[in-house]
Structures are given as C-alpha cells and as structure tokens.
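Before any comments, here is the structure.
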Amino acid sequence: MIRLFDQHRVRQHKELEGFWTFLKDDGKEYSLPVPGCWEQHPELVNFRGKGTYIRHVHVSRSCHVRLEFKGVSHTADVYFDDAFVAHHYNAFTPFSGIVRDVQPGDHVIRVEVDNTFGEHSALHIPNDYYTYGGIIRPVVVEELERAYVKDVRFLPFLKDNRWFAKVTVCVENLGTASQSMTVLIRLAGTEIQSSVTVAAGAAEEIVWEQPYSQAESWSPKHPRLYLLETEMIDERGMVIDDLIERVGFREVGISGNRLLVNGEPVFLKGFNRHEDHGVYGSAIPPQLMAQDMDLLQEAGANAVRTSHYPNDERFLDLCDERGMLVWEENHARGFGLPHMKSPNFDQQCADCIDEMIAAHYNHPSIVIWGILNECASETAEGRTIYQRQYEQIKQLDNSRPTTSATCRHFSDICLDLPDIVSFNLYAGWYENMPTRERLCQELDWIASSGGAGKPVIVSEFGAGAIYGFRDRGHAKWSEERQADILRDNLESFRDDGRLTGVFIWQLADCRVSEEWFSSRPRCHNNKGLVDEFRRPKEAFDVVKELFPTMG
Ligand code: ADA
C-alpha cells in the first residue's frame, strides 16, 4: 500500500513490494521483504553495516522512469541498470530520482543501504530508540511522459467565514523542447484550469486562490477530506499526467495560551509514538498502524507526537481520516552542543525539515511543527541553531505553529523563539518532587523566561513498567507503579488549567541501541502503556479513565 488513497488514475505507477535479493557486505545473500527491516531476519537481528538490495523491474514503453523511496534506513545510494540515480540520508524522509529515456524491457534496480554510525550520520546515532537497517517504507516506480505534475500544495483559509484555498501546482518539462500545456484542478465540486508554457528541462508554478463556499470544515470531530485532483493536458487535449492529493479545510491558530483549530480552543490529549514494533521494527505495516490508531482512540487521545522524526505518510493519512491531531517533528533526540556542532548536523537537519514539510504539507491533521527534542537550548550557540531551524520552518510553512520539547529546566534560553513552549517532565520517575509543586515551579519559570502568555504543552511525562511484572508493593518497573505515576501526573495536569496539552511518554515500548542504554531493561525503553507487541499494561486503563475528564 503506497497511500490510503489512489494518487494517480492516469500516471502508470506501481509499488515494488515483495522479496528483494539482499547482498550483505560479507557477500552472503538473503531474500528480504520490502518494505522491511533486515533485523527481522534471525541472522541479521543486530546487524549494523551495509548491504545491497537488488530487484528487477519491467518497463512497458519508452518513457522517463521516476523512482520514489518513502524511507530507507538510514542512507541509500540508488542505481538503475548501474547508472547512479540518487543518494539520500535519513530513514524518515522520502526521496526520488528520474531516469531519462528508458527503453521498454527488463531493468535492474540496486539500492546500497548503510545503517552504520559515525561522523557521516549526525542524526542517526546510538540512542533511546533503534536505528534499523533496510528499505523500511514503500518503493514506487512510475512511467512519466515528457512532462509531469511534480508537486501540489494546498493552503486553506477562512475569509468572511467562507473557505478559500490557495493551490500551487508545480509542473516540470522533462523534454528537450519547450512545451505548452493546460493544467486543471478539481476540488470540492469546483474545476479550474490555466495554460502554461514550460521551457525544456524547466519547472513552472501555477497558483490559484479562490473560494470553496460548499466545502465542509475538517476538524477532529468531523475530519472531512476532499480529493484535490490535478491533470496535465497536452496540446492535443490528451491528459498525459495527473496527481491526486487528499486535503482538509481547516485553520490552525493561537489565542492567548490556547491552540485553536478552526477558531476553537483545543486541549491536546496525546501520546508520543515511536515507529517501532516487536516483529516489524520500524517497518510497521498499515494494518498495525491502524491498530496503533485504534489504541490511541481507545485511550481517549486526540493527538499524537511523531517522536522524534517525520513519520510514514500512511500513518499521517490515518490521522487525517480519524481526526487525530499531529505534532510532527524533525529528526533529533537529545543532542548536546558538541554533537550539534558536528560537521553534518546543520545540513542533515535542514534537509530533514525541507523534506518533511515538502512531503507532509497537505496533511490537515498536522497542526504543529517541532524541532530538536532535548537539544542544547541552554547555550548561545545552540540558540543560533534553534533560531535558524524555526526560521526555516516559517519560510516553508507559516500556517502552523512551532515548538520544541525542552528538558533544559530553569536554564533554557530559547523559549522566546517558538510559538508554543513545550517541556518534558518525569515527576515521580526521574524527579521526586510532588507533581503539582513541580509543575507550578516549571510554569512560573517559563513565564519569566521568554514564554509568558504562550500556550504550554507537557510534551513528555510517564514511567517505566515491564509488561507482566506485577508487585503488591508497587515497586519501580511494576505495572502498578507506572499506573500510580500516570494517575498522579494526569490529575495534576488536569487540575492546573494553564496547559493546552499533554503527551504521554510513550504509547508502546520500543527497542533501543544497546551501546546507549545498558540501563534499559530488555534493551527497550519500557515506558510504553502497551508493550512492543501492543499488549496493554495496567496504566493504559488509567488513561482511558482520565483522558475523557481532561480538556
Ligand atoms: C527523554 C526523551 C525521550 C525518552 C525519555 C525517557 O524525554 O525525549 O526520547 O528517551 O527521555 O524515556 O527517558
């Protein structure tokens, strides 16, 4: 499954799912599923290294071939019949490449994959989650004509209480001569078209801004979605390409210390969710994404944070369909200043932000962009990096508020930069001060340190529990102790009233890098309210009881 809706009716495309040949760096050959993590194979459970995926593909006619990789962990070099196509770093963002003038017949795709750590990888490092290896998300092969619809962006806004939208379509001429074409968009019962001439090898943008008076709003309770269809029509009147996006009419804003969706204040009752599963690793199939969504809704959640990286767009499609509000963030967890100054850090962060927003801009469920979880926001040099990344986001998308989850308590010097202030607080687990007292301390400090008047989110809180460990004494790591701490935290946050949201750490247990967390029992982060196989712990029922009483 590529997306939860069809993106093309005209463009020839297919997913290259199934079993690919995998040549490990020592020459041994395997047959591995794609999408998939190589750790799923019993001989590769702890393999950190390089390998090459190989697959044959049949092209039906002379055309340009576009290959899109939704996620390769963590570095890919792609070849088509031994011709280099694309290089990409980061498991969590998509990339593509175009092979010109391909003849019909059989061709070979080769993907060299690397999940090693080192200076070449500033974002994938030993950490409190696991960097798997493999082609972890779908691969799509497309057959393009001499021009194609490259990108479609949808920006809804209310004017005089009516829905309007700005639609920007980018078309690219792959031919060797200038081309004139008509571009047509169809949305919510309205059709509009424009003609454009594109020079050889160039791309052009067409922008429409117009009312959609019949459109119904997208909201958490009424997640109304529309297909935005774009067609490219050549001089003969033939539709030679198309691209379908799925959109929702909603606005995100801030009023005082509250986040607004369509002008209504929302209280975010959320979970942090790693893309990790006990069987599939980070290559979670759509069926299990749906199970995670069902668990979120069963718990009474209305929000999810993609901790700590851009998510699989099929999960975001699910959030769009279910009205689950999303805080999506760039790929970063717990980097101190020395690491933030490493050679590849800035560029790899900038690329991730570019790719995250380019790929996920149209999802109505995304209401917050986040950056740099628990990085060096207490330092002047760190502040420069935070400032640059917030500015980058605002240049790419000024329609959503920004935030960053800090743990630099009483020392953070960046709280004036984001639209929303967020902090991680493990009262009852890492800290022993009574939660209510500790919360007041934090909120008072935020108000006096750049965050005054801003919405505030407790972006992480929770406790560890080993699934199945029950103890009458409520010992640490027992399910009882986790349930006690969640109850205390949730009741304290509910009764305070100054927050616009809370996110529990975390939905499910996840595997961690052994070299980073020897203290992590089972080499897992065990703060999930379900284990890695989605078996609920006692605390899950506490959340089911209390979330409905919040917000
Ligand atoms: C931090 C971090 C999380 C996780 C958590 C924990 O808040 O942001 O990724 O590591 O600590 O479990 O300690």
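Atoms within each ligand, like the ligands themselves, are counted from 1 in listed order.
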Can you name the atoms of ligand 1, numbered from 1 with element, that are less than 4.0 Å from a heavy atom of [X]?
X: Asn373; answer: 2 (C), 8 (O)
X: Asn424; answer: 7 (O), 8 (O)
X: Asp128; answer: 4 (C), 6 (C), 10 (O), 12 (O)

(message) Which residues pass the ring pair (Phe, Tyr, Trp, His ring centres under 6.0 Å) test with Phe47, not counting sequence neighbours?
(response) Trp38

(message) Can you tell me which residue among Glu321, Met324, Arg273 is in a side chain to side chain contact (heavy atoms under 4.5 Å, CB included) with Met293?
(response) Met324

(request) Determine whether the side chains of Glu355 and Asn90 contain a donor N or O and an acceptor N or O closer than 3.5 Å. (result) no

(message) We want to know whether His124 and Tyr89 form a side-chain donor-acceptor pair, criterion being a heavy-atom distance below 3.5 angstrom.
(response) no

(message) Counting only nitrogen or oxygen atoms and a 3.5 angstrom limit, does His274 reach ligand 1?
(response) no

(request) Please verify whether a non-hydrogen atom of His308 lies at under 4.0 Å from ligand 1. (result) yes

(message) Check for me whether Arg520 has a heavy atom closer than 4.0 Å to any atom of ligand 1.
(response) yes

(message) Given Tyr430, Tyr426, Trp429, identify the one with the heavy atom nearest to atom 5 (C) of ligand 1.
(response) Tyr426

(message) Testing the basics here: between Glu39 and Thr131, what is the closest heavy-atom pair and its distance to 0.1 Å?
(response) OE2-O, 4.2 Å

(request) On the 0 to 90° scale, with breaks at 30° and 60°, tag the Trp327-Phe503 ring pair as parallel, tilted or perpendicular. (result) perpendicular

(message) Once you restrict to heavy atoms under 4.0 Å, what part of Asn272 touches ligand 1? Side chain, backbone, both or neither.
(response) neither

